[in-house]
Amino acid sequence: ATTDAAASGDPVTIAVVTHGSPGDTFWDVVKSGAEQAGKDLGATVTYQGDGDPVKQSQLIDAAVATHPDGLIVSMANPDGVKNAVEKAVAAGIPVITINSGLEQSREFGAQTHVGQSEFIAGQGAGEQLAAADVSNVICVIHEAGNTGLEERCKGAADTLGGSVTNVQVDVANVADAQNTIKSSLLADPSIDGVLTLNPGIAVAASQAIEEAASSAKLATFDVSSDVTQLILDGKILFAVDQQPYSQGYLPVTFLTLQARNGDVVGGGMPVYSGPGFVTKDNAEQVAKFAKNGTR
Amino acid sequence: MTDAQASADPPILEVRDIGKTYGSILALQGVSASVGVGEVLCVLGDNGAGKSTFIKILSGAHAHTHGKLLAYGVERTFGSPREALDLGIATVYQDLAVVPLMPVWRNFFLGSELTRGFGPFSQLDVKGMRRITKEELAKMGIDLRDVDQPIGTLSGGERQSVAIARAVYFGAKVVILDEPTSALGVKQAGVVLKYIAQARDRGLGVVFITHNPHHAYPVGDRFLLLKRGTSLGDFKKSEITIEEMTKLMAGGAELDALAHDLARA
Amino acid sequence: MTDAQASADPPILEVRDIGKTYGSILALQGVSASVGVGEVLCVLGDNGAGKSTFIKILSGAHAHTHGKLLAYGVERTFGSPREALDLGIATVYQDLAVVPLMPVWRNFFLGSELTRGFGPFSQLDVKGMRRITKEELAKMGIDLRDVDQPIGTLSGGERQSVAIARAVYFGAKVVILDEPTSALGVKQAGVVLKYIAQARDRGLGVVFITHNPHHAYPVGDRFLLLKRGTSLGDFKKSEITIEEMTKLMAGGAELDALAHDLARA
Amino acid sequence: MTRTAPAVTDERIKPAGLIITLLRRPEVGAAVAALAIFIFFSVSTQAFLTPAGVATWLYSASLFGIMAVAVALLMIGGEFDLSAGAMVGTTGLIVGIVTTEWGVNIWLALVIALAIALAIGAANAFVVMKTGLPSFIVTLATFFILQGVNLAVTKIITGTVSIQGMSAVPGFDAVKVFFGSSFALLGMDVKISIVWWIALTALATWILLRTRSGNWIFAVGGQITSSRQVGVPVMKVKMGLFMTTAGAGWLVGMLQLFDVSTVQATTGIGQEFIYIICAVVGGCLLTGGYGSAIGAALGALIYGMTLQGIVFAQWDNNWLKAFLGGMLLLAVLVNLYVRRQAGVRS
Amino acid sequence: MTRTAPAVTDERIKPAGLIITLLRRPEVGAAVAALAIFIFFSVSTQAFLTPAGVATWLYSASLFGIMAVAVALLMIGGEFDLSAGAMVGTTGLIVGIVTTEWGVNIWLALVIALAIALAIGAANAFVVMKTGLPSFIVTLATFFILQGVNLAVTKIITGTVSIQGMSAVPGFDAVKVFFGSSFALLGMDVKISIVWWIALTALATWILLRTRSGNWIFAVGGQITSSRQVGVPVMKVKMGLFMTTAGAGWLVGMLQLFDVSTVQATTGIGQEFIYIICAVVGGCLLTGGYGSAIGAALGALIYGMTLQGIVFAQWDNNWLKAFLGGMLLLAVLVNLYVRRQAGVRS
Ligand SMILES: Nc1ncnc2c1ncn2[C@@H]1O[C@H](COP(=O)(O)OP(=O)(O)OP(=O)(O)O)[C@@H](O)[C@H]1O
Ligand SMILES: Nc1ncnc2c1ncn2[C@@H]1O[C@H](COP(=O)(O)OP(=O)(O)OP(=O)(O)O)[C@@H](O)[C@H]1O
Ligand SMILES: [Mg+2]
Ligand SMILES: [Mg+2]
């Protein structure tokens, strides 16, 4: 927040450090949003991510060592990045937290929080599934031990009212994930709902449901053009869209404004970015954006 | 020390009706022999007769599957070469038991390193070990460039010399040598034979395997003959001449024909 | 074939002033020699003299770093043993060049397998290879239990016999033998010497390394003496007696003292 | 000197029946372990033995198995390929990108992907042989590079991290016949990849045991210096092995792509060790020179059965890896026990 | 027979200067590669050489380095430990759970975790030595089991997949002095783990080169049969090595736990190969019997510098792995080149 940096077009650098590992569909869209905001506003955006809190902290430390004009951090494991975030704040770098960590955001000295926790998004999915008369759901976790994914399933279980069983698959082997989902359906024919947390896995799950001749209803997190197509075909009930693009785009905008104009957006309150639901009704519109990798 | 004296003590090592199978392969069957104080036992036999198997049992490298093994009159089954070493049995194996990547001097002292200092602070006496290695090898007529060379880069005979020098240096009660002279030059082989004689004279027992009757006869006291895994008998030196022994080792008359065959056609 | 005839052709293999360094180690320097048709060249020398290094150059296992190597009068540097093999040079290495985990018969034919059928459908002639292996070893006096045994489980001498039988079976122009008899019994060693004589009589060149003057003298035509990596000279059989040779190999007078030392103290 | 070869029976061998002789093959331990696991899940779960159940675990095993067989050949030849898993992703992504984004003909796309895979395999072999560096490290570097390139390039070209709209590509259904179809057999819906798996295992076994190349593979893995000394064309053999592994990666890439019609940038990552596990459970030595293709296929079968069996058994999924570990240990121990009984030393 | 030992100079050796002699140590290649990477990032990025920058990559390297040194000892001894990474998580989780959930005294918790780690290490060694199975497979099974147990048990006990509230545990700050503190040096905020790393590297080097145990480690890794034949207590040596690795896992687990005051069920998974990479880049042979502790530490330094250097250079993180792969290849090639120049054959 330098005083003489009011003119727009001044060089601004914003560092984004998340807990998403490279290649993760959700975080990839967040990254796209942040980078696009940088491009639109003429700011330099750097993006790094690692799911391990020690490594994420190191990445934050490294980012702080380059003295950026703003820092954006996601806090899947708030305790884990506390030190690093507080150090950044102490170094005078404005910090915005995104995605998870809403509760700790202010305590650690961040200016605001953009997004919404995975748990709440999960709750939304649970409600929708319950509304579709689904009561015995498998929740497909595609990365063992990933906090965000666990939270989504937990949220769904919280509002579903029925039973939610977690099933582990490996996102690196979608074909075999399909087998595992199929096996689960064969093993327990009373399963009437499948909740996937990744669009690729959703495609595999719809095939698995078909092959197992099951009547289970399928819902997923995050969208892709294949998923919107399946929604239109009626094979997927709905997709939870946390609008990750804005989770990346908004904070970069805020911090750039702050650097150039001293604006402190948010007023200490969080900015919610979702969730939206993509259903048969609005899939058509979303499909267009999903193809660009912005939804 | 005379033969009469030697037979008064129980033999250092004795085997009775000993045997060894590797899976379904019978390598050795019903062999009895002994080696006493100040005695050299030569083990002779064709290739694949079971000589190495025999000495591997004596040295604890392989456990026997039949019969009895006695050390100082006490029955034993060696679980590992360490147990044999602790009884003062030092062995030169046919495959030499060296670690190719390690320097010569570390190989020489492996398992019996010299150290200085006490308890957890004891350190290797590197200088001392280097010096001794160089000296002992020089005594055998091996003039090494550098005791820090990995032993795997030495010539076959040099490597064999290291193994022999080590066994002789650490040998306490019995020294077992499996074809120690096979890769050695004339001079080095002579030195090994002299070592054997010296060891015998110091009251050690020696078990010596060789295919060369000219090496076996001068130093041996008793001769154990193996064939296809079984014993053809155990002869005293007085009971056999070098010519008879050569014949037995070669399997008979064929040898006579050889000299003729070798003449130019 | 007489010496006079042999010298009319260019020698099969010839080296001029050849040398080899391993990193900073000079293993061989300025050695010249040749082997012609129907000729046996014996290479003699102390342990570590450079004999194995010398034959590894001839057989293409190591490239020389100095001097010239000529085959049939044409200068060459072998990039791999394959190139030497293709010129009809078959070698028995001191470390035998076998693959321990593979069955005996596969080792025997490795690199020169017998096949039946054509193109992509050609199959190994397993039966034929098994039979020939068994036969060739039996000819050497090695009576194998089972040619399917991994070669690593054979005794040292059995393994050496396989390597020799292979070289003799495939040998076309020159056979190079590095201490082939070192681990062999009296009978087997006799057979190897006979093979050498036969090969010579068939017009092959033979390079033969041994530490045993009694093995070298009967079959050798020329004797190359190495010491500490350099040549002490290249003698015709007519220029040297077995006693002189033994002395030279042993490095002089020490040998005489030996017989005395070995007598019981 | 014309002694006849002695009769085959010899007083120095204990008589060994046909069974013991059979038991000496490297794959027998794995076969027994596979049987044990098969029986266990058949008895303890209901769905495991149903036609749909069998089809599922066979399919699962086949995808691991094709790679495991290729990796086993490579391991017998004394090398590792850690880039094998990422290669599955790379080939799938290439076909996906060039067809969906650039409209290249789908058959041509297959050929392009295969050519690139083989080139990468050859490059691995080249670097390993020329530098003498361990293949473990060289292919690890390749793995990292492929992993990065897969992600970054996919993102640059498609804007997302996975391929979409594959099934709408012209000719997709024609190709699917070879890679993604299934047919009915004994009430099961058998995926074509199972056929590929069995065919490749048979071919690899024949090559290993009955051809010259097979002999050379064992030799270069067992003792490379000796092989070179007796004239085995070491470079060619290793080159062929690395290219075979890369080719198998391509095949599995296609089988996956045409089954689920999508591929992600992270596909195949972390799978490389599963292939090695299958090969080792199937009796391959990590040090090279020993092993069998059938064994590797059985190793994959064990893995596939366990993976799906755990799901059929409806055990708490969080324990998945722990069960897998336990089963792995069990399988190798059974394997070891059987081989010890047969008098084979590891 | 009392010939004096010949003088050290010998006409059969080309004179080699001190430099060449130095260059023959296994770690020198790694040192040169480390220097190259250091210079590269120092020149091409601004933050790399700032005190805060140096502290960051040193810390990153130290966590890899402690494990890499232990793993290097194990590899020199001829074994692998793939459970080393998961062990970091296991020990952290044990301390986290017993203190936050059950209120156990924090010092006692440390001891419990260490005891369990050592017991697992000993169990690894026991199974490997008794069965003769390759440690690669045995510890892979252990790895899977630990991974499953870490996840399942943590979820059962805490209901989540990470430990929270660790910093509120009584005594936390006292323990943090040893494992999670930092001190100022030359303007840098140096983490204590860097001290541990340097101390352990020095200790391991001393053990390897100057003690009996060190000799035995080289021997059992180089030729286990020969070592046994000359009386090296093979079982004890291997047992010690596996326990050392497990102990190092515990140490790193504590360093991480007391640094960030949290630990996740997935902590450490996938790291096991990084340790092996560091050791190999540092000159250890995968086949055992050769290597150095300093080399492994340098390998970790290379890895840490690269990992953070890429961040300082602000390269697109999608390419991260590709850069890592390229750097790895570069490092081993530089290493190889240096050693070839020095006349050492790999
Ligand atoms: N690969 C290598 N690296 C370094 N030095 C070597 C290597 N191979 C051989 N040497 C050295 O070169 C010298 C000659 O070795 P070579 O094997 O040729 O001897 P040799 O005459 O065959 O001896 P022997 O009769 O004992 O077999 C030896 O001193 C040995 O230490
Ligand atoms: N580990 C093993 N597994 C199977 N068979 C073996 C093993 N070791 C040795 N044999 C067999 O046992 C027999 C005896 O072998 P041994 O090594 O004792 O012979 P040897 O008398 O030392 O022969 P040489 O004079 O050739 O060294 C051989 O036929 C060999 O094939
Ligand atoms: Mg023997
Ligand atoms: Mg030699």
Side-chain angles (χ1 to χ4, degrees), chain D residues 80 82-83 86 127 131-156 161 265 269-270 272-273 276-277 280-281 284-287 315-333 335-337 340 345-346, chain E residues 80 82-83 86 127 131-156 161 265 269-270 272-273 276-277 280-281 284-287 315-333 335-337 340 345-346:
Chain D
F80 293 100
L82 300 188
S83 68
V127 175
T131 62
L133 289 169
S135 53
F136 189 90
I137 288 300
V138 172
T139 59
L140 189 74
T142 315
F143 163 57
F144 278 162
I145 293 173
L146 287 185
Q147 191 179 345
V149 170
N150 283 358
L151 178 57
V153 173
T154 307
K155 173 81 194 191
I156 289 173
V161 290
I269 291 164
E272 50 284 343
F273 285 105
I276 294 178
I277 294 169
V280 173
V281 169
C284 288
L285 286 188
L286 284 164
T287 43
W315 292 337
D316 178 352
N317 211 247
N318 287 330
W319 292 97
L320 175 73
K321 284 292 165 70
F323 292 133
L324 268 181
M327 290 282 181
L328 171 63
L329 203 56
L330 209 78
V332 286
L333 286 177
N335 190 330
L336 188 77
Y337 176 77
R340 285 251 169 99
R345 274 134 341 114
S346 60
Chain E
F80 293 100
L82 301 188
S83 68
V127 175
T131 62
L133 288 170
S135 54
F136 189 90
I137 288 298
V138 171
T139 58
L140 189 73
T142 314
F143 163 57
F144 276 164
I145 294 173
L146 288 184
Q147 189 179 348
V149 170
N150 284 359
L151 179 59
V153 172
T154 308
K155 263 207 94 168
I156 290 173
V161 288
I269 288 163
E272 48 286 341
F273 285 105
I276 295 179
I277 294 169
V280 173
V281 169
C284 288
L285 285 189
L286 284 165
T287 43
W315 293 337
D316 183 347
N317 88 319
N318 282 346
W319 290 100
L320 174 73
K321 285 293 164 72
F323 292 133
L324 268 181
M327 291 280 180
L328 171 63
L329 204 57
L330 208 80
V332 285
L333 285 176
N335 190 328
L336 187 78
Y337 176 77
R340 285 252 169 96
R345 276 137 336 119
S346 60

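In this text the structure is predicted, and so the values were computed from the model without any measurement.
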Requested in this report: Return the option, out of D/A265, D/G326, D/P134, D/A322, with the maximum number of heavy-atom pairs under 4.5 Å with chain E.
Outcome: D/A322

Query - Value rounded to 0.5 Å, distance of CG in D/N150 from CD1 in D/I145 - result: 11.5 Å

**Report entry** Which portion of D/I156 sits near chain E, non-hydrogen atoms under 4.5 angstrom
**Finding:** side chain

Report summary line: Cut-off 4.5 Å, heavy atoms of chain E, and the answer for D/L82 is neither

Report summary line: Ranking D/V332, D/L324, D/L320 by heavy-atom pairs under 4.5 Å to chain E gives rank one to D/V332

Query raised in the report: Taking only residues two or more places apart in sequence or in another chain, which ones pass side-chain hydrogen bond (donor to acceptor under 3.5 Å, both in side chains) with E/K155?
Result: A/E150

**Report entry** Sidechain-backbone polar pair: D/E272 side chain, D/G270 backbone, donor-acceptor under 3.5 Å
**Finding:** yes

Query raised in the report: Hey, which of D/T142, D/L146, D/V149, D/L151 has the most heavy atom pairs under 4.5 Å with chain E?
Result: D/L151

**Report entry** Main-chain N/O of E/F80 paired to E/S135 side chain as donor or acceptor, under 3.5 Å
**Finding:** yes

Query raised in the report: Can you say whether D/F323 sits under 4.5 Å from chain E via the side chain, the backbone, both, or neither, judging by heavy atoms?
Result: neither

Query raised in the report: If you count heavy-atom pairs under 4.5 Å between each of E/F136, E/F273, E/F143 and chain D, which one has the most?
Result: E/F273

Query raised in the report: Going by heavy atoms in the side chains, are D/L333 and E/L133 under 4.5 Å from each other?
Result: yes

Report task. Can you sort out the partners of E/S83 under side-chain hydrogen bond (donor to acceptor under 3.5 Å, both in side chains), two or more places apart, ordered by chain and number? Result -> E/D81, E/N124

Query - E/I276 portion near chain D, given a 4.5 angstrom heavy-atom threshold - result: side chain

Requested in this report: Can you tell which part of E/I137 gets under 4.5 Å to a heavy atom of chain D, answering side chain, backbone, both or neither?
Outcome: both

Query - Nearest-0.5 Å distance, OG1 of residue D/T287 to CG of residue E/L286 - result: 12.5 Å

Report summary line: Heaviest contributor of heavy-atom pairs below 4.5 Å to chain D, chosen from E/T154, E/I277, E/V138, E/V161, is E/I277

